[in-house]
Amino acid sequence: MSQEPLSIVVLAAGKGTRMRNGRPKVLHPLAGWPLIRHVLATARALEPDRLVVVLAPHMDAVAAEVRGFAPDARIAIQDPPLGTGHAVAAARSDLLGSGAVLVLYGDTPLLTRDTLVGLLGLRREAGAAVAVLAFRPPDPSGYGRLRFSGDALVELVEERHADARLKAEGLCNSGVMAFDAARLPVLLDALPLRSEKNEYYLTDTVSAAVARGWSCRALEAPWVEGLGVNSQRQLAELERLWQERRREELLDAGVVMPAPETVFLAADCSIEPGALIEPFVVLGVGVEIGAGVVVHAFSHLEAAKVEAGAVVGPFARLRPGTVLEVGARVGNFVETKAARLGRGAKANHLSYLGDATIGAGANIGAGTITCNYDGFAKHRTEIGAGAFIGSNTALVAPVRVGAGAIVGAGSTVTEDVPEDAVAVARARQETRAGRAPGLKERLRARAPARKG
Ligand code: UD1
Ligand code: CA
């Protein structure tokens, strides 16, 4: 997209001590994705020539996440972490010497590509050394502030140094900054060590630029995009805002959700227009919902693909690897895992279908269980097209039921059933005519006398 070379640096070396649980801040989940994955996804949408992530030593889990999601990213190690300015300096040798350098924070996940394109455009057109993304959060506490002279940004002031008047203006530093790559090294070299925190602040690049007669600009973003995560409370608040934003996008795109505030979505779940998502539904990571699908209330889906016209729930649980082909149905209290239900296949009540393939149009009776695990390994169940599995059948895998076959209710199936066969695998019923009254007499005589 860019008309100039673009390097992006994602800062994630901070300890995140304010999260209070020892887990790296940027691995905390937002909409089912680690925070940093949101930032990496947005960064990649800008198609940068270089993508560098700054980590502290021993952040192996974060490095694994970066390598897994963005194998093209370089990892720079900041050892020891001495502030945001020092962090960008740690990435210096990985950056291109011309064009723009965009700095993003691993803990600021709601940014959009369009906003960043705007910031890069502003910097380029203004010929500015630095362009800062500003925003007006409802609660500005903790954020740095911006000081202007006319249109020109002249200083970024950390909150603890801001006077009442500057604070009252409410405009805050999101942390996102775009630099002229050619002038960035000079600015980094000029940063003073701030004694109050023993850190080099990236924010001080603005005064360093102004001191050299170089101009700086700011762009105000929609406030939600600037929010950062420093605490569990802020993380929960960002989750709420993320969910709100995504629900609105889906409604605008034609998804039907009568109670959107009760539907929870993951970062990468896709829903086609025309699908109906009833109240209290959780759609997790990797879920794909086709057109005209109905997901009834209280259903929970993860990494499941639901093709057009299929119906799910209420109270269904689709676990990873589930595929419901066109028009298939999975009803209440049915759990599926690594299971494919062919076109129009039905499992409407009280079943567990794991490691299974179910052919088109097959009917799985209430209470059917695939016994896929023998305590050591998982085994597959294969059910052919048009087969009928009677209620309360246990299918002991590995096992196959051929197309068109019928399995009698209550069967425990341990051997393959050929195509079009009828299999009944349960104790034969014994019926003794007229014997009930005598049995009742004997039972009554044997029962202990009832008190009262
Ligand atoms: C910073 C800004 C502040 C801004 C706010 C926006 C500075 C001095 N202040 O404050 O003006 O309003 O972000 O959220 O920049 N990091 C490193 N190495 C370090 C320190 C931090 O990589 O040595 C990373 C962190 O992992 C994090 C980001 O930089 O992703 C920001 O660090 P943080 O400590 O959260 O900065 P704030 O105090 O929030
Ligand atoms: Ca922060």
Side-chain angles (χ1 to χ4, degrees), residues 4-17 24-26 36 39-40 43 46 48-59 62-63 66 70 72-108 111 116 119-120 123 128-133 143-144 153 155-158 161 173-217 228:
E4 57 182 350
L6 175 63
S7 306
I8 300 184
V9 188
V10 176
L11 304 190
K15 285 190 280 297
T17 42
K25 183 192 342 192
V26 296
I36 195 169
V39 180
L40 293 171
L46 291 164
D49 303 288
R50 291 285 169 87
L51 175 57
V52 190
V53 180
V54 180
L55 301 179
H58 311 301
M59 292 180 86
V62 182
V66 173
D72 48 321
R74 299 163 179 231
I75 293 178
I77 300 293
Q78 186 194 11
D79 183 14
L82 291 177
T84 48
H86 185 253
V88 174
R92 198 187 267 202
S93 63
D94 291 310
L95 305 176
L96 297 176
S98 65
V101 173
L102 179 66
V103 177
L104 307 177
Y105 287 0
D107 69 355
T108 305
L111 285 165
L116 296 174
L119 183 72
L120 290 165
R123 195 217 59 82
V130 188
V132 173
L133 195 68
Y143 292 107
L153 173 66
E155 193 185 1
L156 290 181
V157 186
E158 286 307 281
H161 301 303
N173 171 24
S174 69
V176 173
M177 297 167 91
F179 293 92
D180 173 4
R183 287 181 279 181
L184 176 62
V186 176
L187 299 178
L188 293 176
D189 286 336
L191 295 181
L193 181 65
R194 295 285 204 139
S195 56
E196 73 263 14
K197 289 185 81 182
N198 197 38
E199 284 187 0
Y200 298 93
Y201 294 175
L202 188 62
T203 47
D204 284 336
T205 50
V206 170
S207 0
V210 170
R212 281 160 184 75
W214 298 342
S215 73
C216 301
R217 291 303 186 90

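Computed over heavy atoms, backbone and side chain alike; hydrogens, waters and symmetry mates excluded.
Side-chain contact between L184 and V88 is present, with at least one heavy-atom pair separated by less than 4.5 Å. Looking at V52 and S7, their side chains never come closer than 4.5 Å, going by heavy atoms from C-beta outward. Y105 is not listed as a side-chain neighbour of L111, based on a closest heavy-atom distance of 4.5 Å or more. The closest side-chain heavy-atom distance from V26 to V39 is not below 4.5 Å.
For Y200 (side chain) and L188 (main-chain N/O), no donor-acceptor pair under 3.5 Å exists by modelled atom type. With Q78 contributing its side chain and G14 its backbone, the two residues share no donor-acceptor pair below 3.5 Å. For R50 (side chain) and D94 (main-chain N/O), a donor-acceptor pair under 3.5 Å exists by modelled atom type. With hydrogens and angles disregarded, a donor-acceptor distance shorter than 3.5 Å links the side chain of T84 to the backbone of L202.
With values rounded to the nearest 0.5 angstrom, L95 atom CG is found 11.0 Å from I8 atom CD1. Going from atom CG of L187 over to atom CZ of F179 covers 7.0 Å, rounded to the nearest 0.5 Å. Here CG of D204 is found 11.0 Å from CD of E199. Values are rounded to the nearest 0.5 Å. Remark: L51 CG to L6 CG distance equals 9.5 Å, nearest 0.5 Å. Considering CD1 of I77 and CG of L55, their distance stands at 5.5 Å, rounded to 0.5 Å. Separation of atoms NE2 (H86) and CG (L191) is listed at 10.5 Å; rounding is to 0.5 Å.
The side chain to side chain contact (heavy atoms under 4.5 Å, CB included) check on S174 picks up L133, F135, V176, with sequence neighbours excluded. For R212, the side chain to side chain contact (heavy atoms under 4.5 Å, CB included) partners at least two apart in sequence or on another chain are V186, A190, A208, W214.
Listed here is the closest heavy atom pair of D180 and A128: CB-O, 3.9 Å. Considering all non-hydrogen atoms of both residues, A129 and A209 come closest at CB-CB, 4.2 Å. A131 and R123 get closest at one heavy-atom pair: CB-CB, 3.6 Å. L119 and M177 make their closest contact through CD2-C, 4.3 Å (heavy atoms, listed as atom of the first residue, atom of the second, distance). Across L40 and A70, no two heavy atoms sit closer than the pair CD1-CB, 4.4 Å. Across V54 and A87, no two heavy atoms sit closer than the pair CG2-O, 3.5 Å.
Exactly one of L153, L156, V132 qualifies for a side chain to side chain contact (heavy atoms under 4.5 Å, CB included) with C216. That residue is L153.
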Tell me, with the steps shown, if M59 and V66 meet side-chain contact (heavy atoms from CB on, under 4.5 Å). CA-CA 11 Å; M59 292 180 86; V66 173; over 6 Å; no

Apply side-chain contact (heavy atoms from CB on, under 4.5 Å) to residues E155 and H161 and explain how you reach the verdict. CA-CA 12 Å; E155 193 185 1; H161 301 303; over 6 Å; no

Begin with the C-alpha distance, continue with both residues' side-chain angles, and end with the deciding distance and a verdict on side-chain contact (heavy atoms from CB on, under 4.5 Å) for E158 and K197. CA-CA 12 Å; E158 286 307 281; K197 289 185 81 182; over 6 Å; no

